[in-house]
Amino acid sequence: MSIELWASILAGAIVLATPLVIAGLGEGFVERAGRLNLGIEGMMILGAFVAVFVASFAGLVAGLVAAMLTGLVLAALMNLVVYRLGANEIVVGLAITMLGLGLSTYLYQLWVPAGQTNVSVPTAPKLDLGILTDIPLIGPALFGQSPLVYGALVLAIAAWAVFRFTRFGLQVRAVGADPTSAALRGVRPRQIGAQTLLIGGALAGLAGSVITLGSIGAFSPDITAGRGYIVLAIVIMGRMTPVGIAIGALLFGFLQSFSLLAQSTAIQLPSELYQTFPYAITLIVLVLTSRAALRRHLGRHVRSKPGRTQSLTPA
Amino acid sequence: MTSTSSFETGRALVARSVSKTFGATRALHDVDIVVRPGTVHALVGENGAGKSTLAKILAGIQAPDAGTMTIGGAAYAPHDRAAAKARGVNMVPQQLSLVGELSLLENFLLVSPRRLLRRRAAHTLLSHTLERADVDVDLTVPTRSLTQAHRQLGEIVVALAEGATTLILDEPTASLGPHEVGGLFDHLRALCEGGTAIVLITHRLEEVGAVADDVSVLSHGRLVHHGPAAELSPDRVARLMVGELPPPAERAPRTPGDTVLELRHVTAVSDTDADLEAVSLQVRAGEIVGVAGVAGSGQNTLMDVLAGLTVPRGGTVRIDDLDRPRAVDLLERGVAWIPEERSDGLVPSLSLGDTLSLYDNAVGSASRRPKERRDAESTLQDFDVRPANPTLAAGGLSGGNQQKLLVSRELGTGSPRVVLAYGPTQGLDLRAAQAIRERLVAAAESGAAVLVASHDLEELMQLADRILVMFSGRIAAEWPIAEVTTDKVGAAMAGLNSTASSTTSPTTATSTTTPTTEDLP
Amino acid sequence: MSGRVRGWMLAGSVVVAVLVVATVLILLAGADPLTGLQGLIAGVSSSPYRVGELLVGAVPIAIVALTLIPALRAGVFSVGAEGQVIFGAIFATAATLGTAGLFGEGVPAPVYWVIGMVSGALGGAAFALLPAWLAERWHVNIILSTLLLNYIAAGFLGWTLRTWLASDENTATPQSPQLPEASALPDLIPGTRAHIGVLLIIVVAVLFEWWRRTSQATRIGVFAERPRLALRLGTTRARTLYGTMLVSGAGAGVVGWLQVAGVNERLFNSVSGGVGFSGLAVALLGALLPGGILLAALFFSALTAGALGIQSATGTVPSSIADVIKGVLLLGVAAVAGVTARSGAARPAAAPPLTDVASVAPDGEPTPAAASVSAGTEERS
Amino acid sequence: SASTEPAASGEPASGVITVGALTPGNANDGAFNQALADALAQLEEEGLITYELREQMADPAESEPVIADFASQGVDLIIGHGIELGDAIFSVAEDFPDVAFTASGGADILEKYTDNVETWTYDVSQVGYLSGYIAGLTQLSPIGRVESLELDFITATDAFFQQGVAAANPSAELLPVVYAGSFDDAEAAASATTGLIGQGAQLVYTTGDGIAAGVGAAAADAGVPTVGVSPAAGEEALSVNVSTVDLDMYPIVKAWVEEVAAGEFGGKGVVSTLQNGGLTYQEINDVNGTIPADVATKVEELIAGLTDGSVTIS
Ligand SMILES: Nc1ncnc2c1ncn2[C@@H]1O[C@H](COP(=O)(O)OP(=O)(O)OP(=O)(O)O)[C@@H](O)[C@H]1O
Ligand SMILES: Nc1ncnc2c1ncn2[C@@H]1O[C@H](COP(=O)(O)OP(=O)(O)OP(=O)(O)O)[C@@H](O)[C@H]1O
Ligand SMILES: [Mg+2]
Ligand SMILES: [Mg+2]
């Protein structure tokens, strides 16, 4: 395989990973707080639609903001129904996904009825850093992307900093690990949980808009193509940490990009093999990380075995 | 009430006519309490008397239905724990409130007033507090990996660092060994010198005399006595709480029969307790074997191996003539199991009746015991489970009553061949604890092999025919009851003779080494 | 009592919410809402054919949901029905065509049915074995492994229909050859697509109603909450994982056979039709009770038919209104279920942990994460 | 289209024929599905028909009841537009001998007509060949191709595409086909397109509709011309699209309607071709002058050749 091909694969990987990173960071907050959002797919696709719709008359930035608000509203709905009214988290997640998929298609069909050319909006302009962008292999991948890609990077760093340096991050972890104790300590688990869900929703909406406004410039039904579910796998694979999630998303993006472009080489395998390749590898990585995590988990306990490293010093 | 200086009453935490009702339960009924600065105020009472409820109200965790509270005369009506903390009232709940995934440092920062964490400053503050309290606990490992005792002490330290002027401790000693309790009480006294008021809830009445200045006795939600602790003997407190107690039955001589359960050179790993290293042990029919040891010395691992819940890495386990029994084989052969963590043995959503008949229903008609069909309600009454209503959910009972329920399922429905019990009376009031001890003795008398692990040495000495001491996953010492003294056991629990003695023979275990400081872990 | 009143009020407000949403959507499409709502009702009830469709639509969802009962009771959350239906369908199709190829015309119908059903069940169960093994041995979360395996199954089906099971005819949609006449399930209601396989849901429902009362059901319930106690009852983690996943896999596999032999008479790419998620949703909506699940499945199927009725009556409303209404209804019903369960003093619906049974160590001991959760919810005095 | 009341009787007494139509995908896909929707809309405007259209009917399990439903309501003509609907149409048509049906399929469907089912297909070879011919005439090489799934009709079309390219520009180089793995995953298609362009593709061809949005956007972004991108991709994408071979269902549907009106329906099959106007192509876009000026005339010559038989595709 040529260097051009690898450059293309890398650049494609980063584009494909961007929405996964953004939605994954959001879901990372949600799962860290002990909740689960199975509605990401619905939030993403409705965000993807609303982004194009709003951007078509109000511009790119308004489109992005509208998509975030869309995800936020769906997340607020989910919070109300699940955590206030006591509905089942999984059922509601599936319902939100159904709603998002249905509503986005419905509104799209009304907006662009048969016989009209699809509405397209300008996508976010790509960066061109001249010399840097011209570096072979990594130049286009690292320095020739749309600002949304760099936005995702900033978000990942921000999420990392929130967990590392803020009380909120600590409270999220505490609420997820042990809500009863956290509440006894004076943290409000419901409030923290709701906040993470809203963050998760807003980022899922944004992730959807990154697909339509970042690379396509138009909406078409089912454009998210199951990415909302992949996000769940990536979050677990990344052990719910921002860095892990970013790596997991990049890995999936790379696998997808690779299996798309490997088809254009001389290696001819059944196309279905290429299509399932990213999922199969993700499963394998999931197995490896689960196993490693298990070992690490046990290892940590063996090392700091109670009664050995610590000792009470009676006065 | 003793006379107090106007300065002290001036800062006292006072509650008047506090009442609290949960559904049909009147947990508190017109209770008054005055907590004076610089004193330890013991709060005692039977299981379900309302101690924890009163404490939670003082600490802002629950709101009273009626009544008023003041601090230093100013109205005090905290709407949550943060509000109480702001007024200097802090609590270490009966169920510890440390988040296991987080270190003590992070548990402290969790509710800090700042949005951005200042780890370094917090670390300095906590280290300083540790130093002052003369405790050594690792601040940076997840508290989950600390021993129960260290978590307990750690949470107290966190509460202190948060700046408590009134500190409420709900049964801090229930799971501590004698050394740890001694250390804790020293800290408490030191705190009082500094003017802190301490509310201490406990079931160990001898502690009242040892450490408390004032004592309040609750019974069925009412305050039945309050006054200086010095005037009260443990017996008197006990009588106040529960009326006259029959003295513990005389120890009847028991002759052990055949070996029922046997471990040989068993090694086993655990991720929450010490690993077992070459543990050999026999439990014979009709004897009670006591297992002593500080928390995390491997008692939990030992119990799990004996109950078939952990598969050993090496060595043999045998019941009767069955090798490597599975947990279900053991159940079928009549092994009763009372785990340290009572929630392990109870399904909160099952009703009391279903809990009692769980083994019969779930293992099928070929049940382990030829069970006399006594109805659930009378079993519950026999074991004094309150309320004795078979249709209630197990999760709704108070901690002590859950323990009684667990014991009644394990011991109450037939005659077990083996009884494995870890802290069987933990968190129980005197009468309930005595009743359970009698059950264990009765089981042994009717031929069961009984193994009891406990942090309460008193209890072991009362029950056991033989005492083993565990240290760091080994059996460090073993004596027949006649040779046991508190000092010997205490030394063995601290590991003072374990390094030199690789055998469990009582003579070598006690006579070989002179303790040196290097042997301290 | 007041809880019940509140429940009814909420049920009422769900209906209102759905009506409002439907009205707004229909108005947006420039049609008359009243006509649309009439269409909704006509869509499920106006002819025997439509009633038959209601049943045909309910079959896969109901069987998948019913056979998920043990898994969900044990806390094993699988969304793998999708892939298991596919494998069941592939096995059943291959076995049926293979039988026809070997023995020619003369094979009697019941023989075909037994072969189809058994091989379908085997296919589904075999494909369920993988996530069960991954969870048991490697502690991989089952929701995620089944999710990913669904994509892999879909890819495998696509390849299958393009290669070794492809129809000889010139077709655009990938499909298998037509199954032999005798292997098809006869009609239950003449003139509709409702086949006698519909009766199977009654059998399966009765089976699980009986199972619910067995000691095994109790053990599995104990396992979900207290794995160590369950060990004493003879329920190990491995046995629970394999047992429950095999049951749900076999159920999904049978659905694969039913769809092939009862509805389409050949294997299509679309055979699984999203049943993984809707089956899970219906099982939870039905509160893991067979009766509730049957109702919920019929209800779900009715929504699909009813939404088509709206489109039929108004003419201009895009069919995707079905998904919107399904989503809103599902949301509403879940909310009502939550509120009534809560006021009925039952425990709030358990949040399905992504670190579910997978976090129980091999010997059945909860790892600290699991222990702290259980310790956290109980009073430890 | 305006809302309609389906006529209660099967008799086309009023002269206005009631039509029930089903498409496998969304009617606004700018391609296959939309061709039917546009034809129906035009015929309704002309007052010849009233119609109902059901979209997203690719799953036979869903479409059969809809077809049966139309039939039992007494609709005059039921159009199953798309090979996915073929079986369902035949199966329902047996039970409703008085209703007219049309079914579509591969080339073999032309022989499968019955008394009340007319069959229709389009000439895959012409679609593929003409697209390839246009792509070849641009003289751009290498040519990349992005498709949805490896399905029979897609690989068949592609084989003719290759012939067309070879006929117009024997020296053109073709990169292997990249399958996006889904009909809808525009982002994967965009990524594939960008990748192909990165490998030197000077022109990208696609037949998909959902994924066309991705192909079009990525190509427009890189300023690389495309062939085959549908209007569903939007204005931006169309600005670099040289041309797309489209269906025009108007003449076909109009013929069916007239036959129903005249009571002569049934017993034949019809195929859409460039010759009979069932296939058309979008006016050649010179993409800012990068496309040779003679493309349009050469395409017309090809069509003339096909019509008079001097050119044949095999
Ligand atoms: N949240 C609650 N809901 C219902 N009943 C409660 C609740 N909390 C306490 N109770 C009941 O109130 C009574 C007092 O409980 P409390 O926990 O204060 O007792 P306690 O004295 O601390 O007992 P123990 O020694 O067993 O810990 C008990 O009957 C208990 O069952
Ligand atoms: N605050 C808490 N948060 C989470 N888990 C806890 C907490 N307290 C106790 N646990 C759990 O309880 C179990 C028992 O604790 P541990 O093994 O540390 O002490 P131990 O050996 O049982 O001795 P002791 O009970 O005397 O302190 C462990 O599984 C631990 O994870
Ligand atoms: Mg208490
Ligand atoms: Mg403990």
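Just so it is clear: chains get the letters A, B, ... in the order the sequence lines come, proteins before strands, and each one is counted from 1.
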When the 4.5 angstrom heavy-atom criterion is applied to A/L107 and chain C, the contacting part is side chain
Leading residue by heavy atom contact count with chain A [cutoff under 4.5 Å; candidates C/L157, C/L134, C/V328, C/L149]: C/L134
Apply the side-chain contact (heavy atoms from CB on, under 4.5 Å) test between A/L99 and each candidate in C/L329, C/V324, C/I325; give the one that qualifies. C/V324
Measure C/L25 against the heavy atoms of chain A and call it side chain, backbone, both or neither at under 4.5 Å. both
Looking at A/V235, A/V81, A/L94, which one has more heavy-atom pairs under 4.5 Å with chain C than the rest? A/L94
Segment of A/L38 engaging chain C (4.5 angstrom heavy-atom cut-off): neither
Closest non-hydrogen contact found for C/S320 with A/Q109 is OG-OE1, 3.1 Å
A/A280 and C/I152 have their tightest heavy-atom pair at CA-CD1, 3.7 Å
Residue from A/T105, A/V92, A/L283 scoring the most non-hydrogen pairs under 4.5 Å with chain C is A/L283
Return the option, out of C/S278, C/G155, C/G274, C/A283, with the maximum number of heavy-atom pairs under 4.5 Å with chain A. C/G155
Relative to chain C, which segment of A/L103 carries a heavy atom at a distance below 4.5 Å: side chain, backbone, both, or neither? both
Checking C/L331 against chain A: side chain, backbone, both or neither under 4.5 Å from a heavy atom? both
For C/L148, is it the side chain, the backbone, both, or neither that has a heavy atom closer than 4.5 Å to a heavy atom of chain A? both
